[in-house]
Colleague: 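This is the structure I want to talk about, given as structure tokens.
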Amino acid sequence: VRLQPRILVGPKLEEVDTSLEIFGQSLQLPVWVAPTAFHGLACAENGEVATARGAGQAGAGYCYNFMMSSKPYTEV
């Protein structure tokens with residue numbers, strides 16, 4: 001298998017649109033932060049709230065791990 005990157009072929013880089021719509025939400029970045037657990041161990045103050053906020057600021061999606069989270073979903 002050989003990959004051929006074509007990022008610089010075609011329209012100007014400023015004209016490339018990476019946004020997508022999924023579940024009725026528009027995302028500027030076609031990336032989702034995977035469900036992980038116990039963010040509170042790394043950041044006791046905010047935990048998953050900070051991760052979700054960062055994903056939102058980047059225009060990416062966030063998948064909440066309701067079984068292993070250090071914060072209730074109402075806070076995230």
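Just so you know, these numbers come straight off a predicted model, no measurement behind them.
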Colleague: Donor-acceptor pairs under 3.5 angstrom involving side-chain atoms of residues 26-43: please list them, not counting sequence neighbours.
Modeller:
unit_1, atom_1, unit_2, atom_2, d
T36, OG1, H39, NE2, 2.4
H39, ND1, T51, OG1, 2.7

Colleague: For residues Y64 and P72, report the shortest heavy-atom separation together with the two atoms involved.
Modeller: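 For Y64 versus P72, the nearest heavy atoms are OH-C, 3.4 Å.
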
Colleague: Restricting to non-hydrogen atoms, name the atom on G61 and the atom on A55 that form the minimum distance, rounded to 0.1 Å.
Modeller: O-CB, 3.8 Å

Colleague: Distance check, rounded to the nearest 0.5 Å: N46 atom CG versus E75 atom CD?
Modeller: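 Those atoms lie 10.0 Å apart.
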
Colleague: For the atom pair OH (Y62) and CD (E48), what is the distance rounded to the nearest 0.5 Å?
Modeller: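 So the gap between those two atoms works out to 4.5 Å.
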
Colleague: Considering residues at least two apart in sequence or located in another chain, which fulfil the side-chain hydrogen bond (donor to acceptor under 3.5 Å, both in side chains) criterion with S19?
Modeller: D17

